[in-house]
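See below for the structure under consideration.
Protein chains get the first letters and strands the later ones, always in sequence-line order, with residue 1 at the start of each.
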Number of protein chains: 2
Amino acid sequence: MKPTAKQVAHEADVSISAVSRAFSPGSSIDPAKRQRILQVAAQLGYTSPARRTAEMISAGTVTLVAGDLANPFYPLVLDTLAKALQAVGRQLLVYTIAPGTDMDQLTPQILAARPNALVVTSARLTSDMARACRQHGIRVVLLNRIQSDVRVNAVACDNHAGGRDAATFLMARGRRRIGFIGGILDTSTHRDRAAGFREALQAGGQSLFAEAAGGYTYRGGYVAAQAMLTQKTRPDAVFCCNDIMALAAIDAARELGLSTPDDLSVIGFDDIPMAKWTSYRLTTIRQPITRMINEVVNLIEAGAAVAIDDTATSILPGKLMVRGSA
Amino acid sequence: MKPTAKQVAHEADVSISAVSRAFSPGSSIDPAKRQRILQVAAQLGYTSPARRTAEMISAGTVTLVAGDLANPFYPLVLDTLAKALQAVGRQLLVYTIAPGTDMDQLTPQILAARPNALVVTSARLTSDMARACRQHGIRVVLLNRIQSDVRVNAVACDNHAGGRDAATFLMARGRRRIGFIGGILDTSTHRDRAAGFREALQAGGQSLFAEAAGGYTYRGGYVAAQAMLTQKTRPDAVFCCNDIMALAAIDAARELGLSTPDDLSVIGFDDIPMAKWTSYRLTTIRQPITRMINEVVNLIEAGAAVAIDDTATSILPGKLMVRGSA
DNA sequence: ATCATTCTTTGAAAAGATTTCACGGAGACA
DNA sequence: TGTCTCCGTGAAATCTTTTCAAAGAATGAT
């Protein structure tokens, strides 16, 4: 019935010992032979008992690689994901990496834990990592980041539409000198939000009045806004690529004696809890976190059934929350 | 050399099969017999291979139970802990629970993952849970919470001294109507900070001018501050039990046309990133996160060597960061 | 109350996997 | 070239899990 080591040994024309050795790391065996045995074993569907229990243990484990916990949006994501996974009885392993770093040095650690799935948010997935995951049968879901260079599942907010909505809204309010403070240039969130924003501006007969990159941080957003607002002619509105930069822009304006929204309209993206604070009342595009996480969990759960290499991309609509800042 | 099932069987006067069954959950065996076998096995130091690999896999896993990710202090803790554990090659499992909830319903899930250690922050550890952990040899560390009803390790900031420092500082600035906005009454952070604050006030010949509880949330802090500031005679200073409530107090004051620090001095606790933002420039007690996490990791690593039931409590000094708000 | 049936528990034995052992061959070094 | 060491190997020994058959306890129907 169940495939045994003996069958594998016979098929691969080696001894039973060799099969056992192939499955225990660190035992002395010719790498080529191990490769062949593993291949035959995979074909017959054989797994060693040790590996079987290992799979038992780590069954239902999801690894999250988070890039930027300093942005309050991501703790929110983490919290939502943690609760969603708890609800379906899965475990959540968390790794964080410094923003901008890639995750290659973590690869061995991550793979050693043998998670069922890998959720990556706000961090770059290298193609090496993607390949390694595919090899180990680990389902990968990119959250809020779309990469065309690797074929993986992705769930994101409709950043393009969000950018468009922001532009449309500002133009409808009669703004004529509209600026944009971006995040990190080679991220899909930056690109899509910028593209949608620019596109709608163009459709409304306007073009970008000013532009800068704020690196998704408060500090960066503050510096960028300050620079924009101290020009000879300053913008009367800015769309910021995320909320903390938008809050920074409001702070910078305030520091210069400008008031929002009279002197400067500010729109952000994310709808972090601070956006509601009375000092800010930030108008922003809300990301549908709960729905996004549901989608992620669905993809992970489906992953067990469906073939592993399908590339589903799920884009969910954001929602413009109009508060006081624009 | 190594103890085998046969030895255990002989010692416990049962068959080898029985020993095997005792170790595989769900097999039919008399519970009393299993108990006896497990005890003999523990005495001889025998573990079944399945369990051995299971221990291999989950070796170095630390579980964090976080209660309140909405307070930006805890994402900071999470990030620091994640990086520290990554550095020593351990895995971090994360669970979150709604603030105020206790963690008993998570117990089976948490134990099933067989972590090496459990770090609990901003959540209540029940004595059942503590007992279960002790039984399974899981080292427990309470972070930023001290419970006298269970005997576990704890790492915290010196909340008492922090409260004292806040009071001393406000009095030195000539404040005479000093209020306090607390968190949740039955938390040790609240109690210790309040006690230290009150004590120093008393030593300076003053007493609390006003007092309210803000539940550690922005909303709660805002409401509390608003209520205090709309009294006939309002306080000229408030010490808030954490930073988000302090920011809320500043917002509430601002909304009422009061300025900080002229009309109202505000001091917080934690030193979250937002405290530095130019709209707030919050004077606050900084918690030494890095040192606290180091301490936690030390306790966990030491846990392997030292006996399991020692009750180490490590209190680290905070530091008053003087900015603009007081 | 009695008998049949089923379920649980159990050790013996079979089956399966890992570890040990002894051997053979490939390089390293004199 | 000889010897020594180290790696890879299958056979065999050892260890563990699983299957099997039997005994006993519990349940239920008559």
>> Evaluate Asn144(B) against Gln287(B) for side-chain hydrogen bond (donor to acceptor under 3.5 Å, both in side chains), listing each step before the verdict.
In response: CA-CA 10 Å; Asn144(B) 222 341; Gln287(B) 296 208 51; 3.0 Å; yes
> How does protein reach along nucleotides 23-28 of chain C, written 5' to 3' as B (base within reach of a heavy atom under 4.0 Å), S (only sugar-phosphate), or - (no contact)?
Replying inline: ------
> For nucleotides 10-23 of chain D, read 5' to 3', which letter fits each nucleotide if B means a protein heavy atom sits under 4.0 Å from the base, S means only the sugar-phosphate is that close, and - means neither?
Replying inline: BBB--SSBBB----
> Can you tell which of Asn116(A), Ile138(A), Leu93(A) makes a side chain to side chain contact (heavy atoms under 4.5 Å, CB included) with Thr61(A)?
Replying inline: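 Going through the options one by one, the only one that passes is Leu93(A).
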> Are there more than 12 heavy atoms of other residues, nucleotides or ligands under 6.0 Å from atom CG of Asp186(A)?
Replying inline: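 Yes - once you tally the heavy atoms of other residues, nucleotides and ligands closer than 6.0 Å, there are more than 12.
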> What salt bridge (charged side-chain N to carboxylate O under 4.0 Å, His left out) pairs are there with at least one residue in residues 43-52 of chain A, not counting sequence neighbours?
Replying inline: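 Passing the test, one end in residues 43-52 of chain A: no pairs.
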> Ala154(A) and Arg145(A): which non-hydrogen atoms are nearest, and at how many Å?
Replying inline: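 So the two residues come closest at CB-O, 3.9 Å.
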> Residues in side chain to side chain donor-acceptor pair (under 3.5 Å) with Gln91(B), at least two apart?
Replying inline: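 For Gln91(B) the side chain to side chain donor-acceptor pair (under 3.5 Å) partners, ignoring immediate neighbours, are Tyr95(A).
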> Can you name the residues that form a side chain to side chain donor-acceptor pair (under 3.5 Å) with Gln147(A), not counting sequence neighbours?
Replying inline: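 Side chain to side chain donor-acceptor pair (under 3.5 Å) list for Gln147(A), sorted by chain: Asp149(A).
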> Whole Å only: how far is the CZ atom of Arg34(B) from the C1' atom of dT10(C)?
Replying inline: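 The answer, rounded to whole Å, is 14 Å.
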> Atom CG of Asp30(B) and atom C1' of dC7(C): how far apart are they, to the nearest Å?
Replying inline: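 Between C1' of dC7(C) and CG of Asp30(B): 15 Å.
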Between side-chain atoms of residues 71-85 of chain B and protein atoms elsewhere (two or more places apart, or another chain), which donor-acceptor pairs fall under 3.5 Å?
{"from": "Asn71(B)", "atom 1": "OD1", "to": "Phe73(B)", "atom 2": "N", "distance (Å)": "3.1"}
{"from": "Asp79(B)", "atom 1": "OD1", "to": "Thr96(A)", "atom 2": "OG1", "distance (Å)": "3.0"}
{"from": "Asp79(B)", "atom 1": "OD1", "to": "Lys83(B)", "atom 2": "NZ", "distance (Å)": "3.0"}
{"from": "Asp79(B)", "atom 1": "OD2", "to": "Lys83(B)", "atom 2": "NZ", "distance (Å)": "3.2"}
{"from": "Thr80(B)", "atom 1": "OG1", "to": "Leu76(B)", "atom 2": "O", "distance (Å)": "2.7"}

